[in-house]
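Here's the structure we're looking at; comments come further down.
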Amino acid sequence: MKVDVVLGLQWGDEGKGKIVDVLTPKYDVVARFQGGPNAGHSLEFGGNKYVLNTIPSGIFHEHCINIIGNGVVIDPVQLRKEIEKAETTGVDIRKNLYISEKAHVILPTHRLVDAASEAHKGVHKVGSTLRGISPTYQDKIGRSGLRIGDLMGNQFKAKYDSVVSNHVKLLNSLNFEYNLADHEPAFFEAVEYLKSFKIINSEYYINQLIKDGKKVLAEGAQGTLLDIDFGSYPFVTSSNTITGGACSGLGISPQKIDKVYGIFKAYCTRVGNGPFPTEQENETGELLRKLGHEFGATTGRPRRTGWLDLPTLKYAIMLNGVTDLICTKSDVLSGFDQVQLCDSYSINGKVTSELPFNLYDESVQPNYKSFPGWSGDLTKVREYNNLPETFRNYMDYVESQIEVPVSIISVGPDREETIVK
Ligand code: GDP
Ligand code: IMO
Ligand code: MG
């Protein structure tokens, strides 16, 4: 048995939560491999909406084992809140949630350092989610981080004090005002709370499950254009969001990867700063934001909006080895007279579909192709052939350009609002 991967091909918020929830009935295990509570994965069923940040999106299926992998960074306070909220739905989190002992811990001071360094950057800030993601991954790479397994040892407090003393020096040098006493009690309580969960050596566990013939779905967070290596650096997150991240973030070999489901929205959005070639800072963009309810699931910030961008999509498909494409939010484009997509860039007069070193170079101009729009409520459609012909023409063009089949079309936020082609 092999591992399938689900990940985002744009700047995050492509609908990973919904799609993982839709695919979970076919899997025994869902495992998150990177990111942390910067993610906000929404799921809807039975008339209710749920947002998960760190817990994998298979948690609402009783049969499914959910693993938070070693590549994830965990904020104990945030995770506790998330677990307690999910438990109110009656789901048995304790039974199905497993946490890697090698996942790194987000400390209160990581969040403070995130806020301080963003404030220090001023107009050049990344626009981070302020969840402490970058400082925590910096400590991981800098070999001074604390891991979930450390919470159990009797050296925990000494290690904690040593890491925090470095953060305090940094915060003071940035003249950042804070009061640790506002944050530490909740942190230490959450640490005690988490100790009663299944904290395991997840690389052995997951490889044994694979050996036993269980089907594993690896769930990514963020999107390819926020990848630390291949995203629009430095306006990126601090982990590898691409398929390769599933190997290092779960401890599975590349040979175990089978399908790679790449999710893209029928248009584009981005939260935070950084280049966005097809951004529509106009009435069209406003309309996309309004119809698509484009406000961050984690921070509530308005998302920037724009047309679909094929050069970035092709790049993401190449990097991830996508085998199956999933298009979400197709319903949102209903009602536009004309729908556009960017099928190449002009860079200093030269037409190309390759991404330049600096995507935010002002000389990068998107070249658009226009399609007649469609209208009507797509959310009720369940057969691909019943979708408007103009929509299918748009999708046929996308497929012809990216050379990977689109196997699922999502036409609404609910589980049921899904068309398998
Ligand atoms: P994720 O981070 O990739 O899981 O995506 P988010 O949950 O942050 O953002 C996607 C938003 O779109 C959520 O509010 C979803 O409920 C919603 N959504 C997902 N798929 C569809 C769809 O096909 N149509 C519409 N209208 N909304 C969708
Ligand atoms: P999901 O999993 C959209 C963005 C932030 C910021 C940049 C760096 O829900 O798709 P960070 O807090 O990671 O240091 O912020 O990355 N960002 C996301 N944008 N969806 C996400 O996750 C994101 N996680 C981080 O807005 O621009
Ligand atoms: Mg999201």
Side-chain angles (χ1 to χ4, degrees), residues 34-39 53-54 68 70-81 99-195 221-222 226-229 231 233-240 248-249 272-274 298-299:
Q34 45 67 237
N38 48 350
N53 305 105
T54 315
I68 301 175
N70 57 279
V72 176
V73 289
I74 296 175
D75 181 336
V77 178
Q78 175 66 42
L79 181 55
R80 177 185 187 173
K81 278 192 203 148
I99 304 171
S100 166
E101 61 189 5
K102 294 194 177 70
H104 277 247
V105 181
I106 302 175
L107 308 180
T109 45
H110 283 129
R111 274 188 285 135
L112 294 168
V113 170
D114 198 357
S117 42
E118 284 283 88
H120 182 69
K121 283 181 187 150
V123 292
H124 301 295
K125 70 178 181 182
V126 172
S128 94
T129 57
L130 302 178
R131 296 296 191 270
I133 303 298
S134 161
T136 307
Y137 279 116
Q138 283 181 50
D139 276 343
K140 173 178 177 173
I141 301 302
R143 300 173 294 198
S144 53
L146 275 172
R147 298 182 292 173
I148 290 287
D150 292 319
L151 306 181
M152 309 303 187
N154 49 16
Q155 289 298 304
F156 168 57
K157 189 64 173 59
K159 283 185 185 171
Y160 173 87
D161 288 340
S162 154
V163 182
V164 168
S165 73
N166 289 333
H167 296 161
V168 166
K169 276 184 221 147
L170 184 57
L171 289 166
N172 291 343
S173 75
L174 293 171
N175 293 321
F176 191 76
E177 282 186 28
Y178 64 96
N179 185 1
L180 248 188
D182 292 342
H183 307 278
E184 282 190 325
F187 174 76
F188 289 116
E189 278 170 30
V191 164
E192 289 309 312
Y193 171 81
L194 279 192
K195 282 183 184 172
Q222 290 79 55
L226 290 171
D227 180 271
I228 184 72
D229 283 283
Y233 193 87
F235 299 99
V236 293
T237 192
S238 301
S239 60
N240 279 119
S248 57
N273 294 332
T298 303
T299 56

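- Residues that satisfy the ring pair (Phe, Tyr, Trp, His ring centres under 6.0 Å) test with His110, not counting sequence neighbours, are His167.
- Two residues are said to be in side-chain contact when any heavy atoms from C-beta on lie closer than 4.5 Å; Gln138 and Val113 fail this criterion.
- Taking Arg80 as the reference, Glu84, Glu189, Ala190, Tyr193 meet the side chain to side chain contact (heavy atoms under 4.5 Å, CB included) condition, with sequence neighbours excluded.
- No donor-acceptor pair under 3.5 Å is formed between the side chain of Ser162 and the backbone N or O of Ala158.
- Looking at residues two or more places apart in sequence or on another chain, you find a side-chain hydrogen bond (donor to acceptor under 3.5 Å, both in side chains) between Asp150 and Lys159.
- Between the side chain of Asn70 and the main chain of Ala103, no donor-acceptor pair closer than 3.5 Å is present.
- Between Thr136 and Val105 the shortest side-chain heavy-atom distance does not fall below 4.5 Å.
- Aromatic ring pairs are classed by plane angle as parallel below 30°, tilted from 30° to 60° and perpendicular above 60°; the pair Phe176 and Tyr178 is parallel.
- A search for side chain to side chain contact (heavy atoms under 4.5 Å, CB included) contacts involving Thr237 returns Asn38, Ile133, Gln222, Leu226, Ser239, Thr241, not counting sequence neighbours.
- Leu79 has its side chain out of reach of Pro76: every pair of non-hydrogen atoms, C-beta onward, lies at least 4.5 Å apart.
- Between Ile106 and Pro37 there is a side-chain heavy-atom pair separated by less than 4.5 Å.
- In this structure, Phe187 and Thr109 have side chains that are not in contact, with every pair of non-hydrogen atoms separated by 4.5 Å or more.
- Across all their heavy atoms, Arg147 and Glu101 have their closest contact at CB-O, 3.6 Å.
- Of all heavy-atom pairs spanning Gln34 and Tyr137, the tightest one is C-OH, 3.9 Å.
- Taking 4.5 Å as the limit, every side-chain heavy atom of Asn53 sits out of range of all side-chain heavy atoms of Asp75.
- In this structure, the side chain to side chain contact (heavy atoms under 4.5 Å, CB included) partners of Glu118, at least two apart in sequence or on a different chain, are Asp114, Lys121, Lys125, Val126, Ser128, Leu130.
- Using a 4.5 Å cut-off on side-chain heavy atoms (C-beta onward), Asp227 and Val236 make no contact.
- A search for side-chain hydrogen bond (donor to acceptor under 3.5 Å, both in side chains) contacts involving Lys81 returns nothing, not counting sequence neighbours.
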